[in-house]
Amino acid sequence: MQKMVLNLGDKFPNFIVDTTIGQIDFHEWAGDSWVILFSHPADFTPVCTTELAAVARLVPEFTKRNVKPIALSCDSVESHKKWIDDIKAYGKLNGFDYPIIDDEKRELAVKLNMLDKDEIGAAGLPLTCRAVFIIDPHKKLRLSILYPATTGRNFAEILRTIDSMQLTDRKRVATPADWVQGQECMVQPNVPEEELASLFPGDVTNVELPSGKMYLRKTTF
Ligand code: BEZ
């Protein structure tokens, strides 16, 4: 498979893969949902075990937001299924309700450009990094983050970004630093002054700044 460089807004490629819930056509499986695809270097590794448990615990939060999680790890389905027992035991979980892709041949890791040349595994090959791809219901790539294999992800942050994207798809706002659901946000800079009253009736506060430029306009939603 040829390596792809994916930019935000690109159509996320389709693929047919084996997973712990059987073979899937990725786009068909995604349906009308958002998807978070997150990758792992290998099964039975400590940080990955904590991450998969964290996502399993958050499945109700993802479901509430119409998001389907799917993991990828560079081992077989048979290995993944044994690993799930460890993940459930570690996370004190009764279930494990999302699929893990079999990428034993590292085909998707190569295609989606997820290898970290600075992290070499036992076999002497670059490890798959911890990639996060968030794909919207139109199959567009909306967010990507690459973490090195030695740094576990913060899934509260991933949920926060989904809240932001879903809100800013609906309203002409942008979310500030460290924003979480329910807090004030900013009117997008391209909203002209004349449209404020109709878009945000009685709900825009201009923050005065030394420049005198009125670009920091706060609102709620
Ligand atoms: C881990 O999941 O713990 C891990 C995997 C590869 C490299 C470093 C850590």
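Note that this is a predicted model, so its numbers are computed, not measured. Computed over heavy atoms, backbone and side chain alike; hydrogens, waters and symmetry mates excluded. Order of listing sets the numbers, starting from 1, for every ligand and every atom in it.
Centroid-to-centroid, the aromatic rings of F133 and F38 stay 6.0 Å apart or farther. A centroid separation of 6.0 Å or more is found between the aromatic rings of F200 and F221.
Looking at R130 against ligand 1, only its side chain comes within 4.0 Å, counting heavy atoms.
In terms of protein heavy atoms, atom 8 (C) of ligand 1 is closest to A149 O, 3.9 Å.
Using a 4.0 Å cut-off to heavy atoms of P46, the atoms of ligand 1 that qualify are 1 (C), 2 (O), 3 (O).
Note: an N/O pair closer than 3.5 Å links V47 and ligand 1 by distance alone.
Between K140 and D10 no salt bridge is recorded (no basic side-chain N to carboxylate O distance below 4.0 Å).
Shortest non-hydrogen contact noted between G152 and R130 is CA-CD, 4.2 Å.
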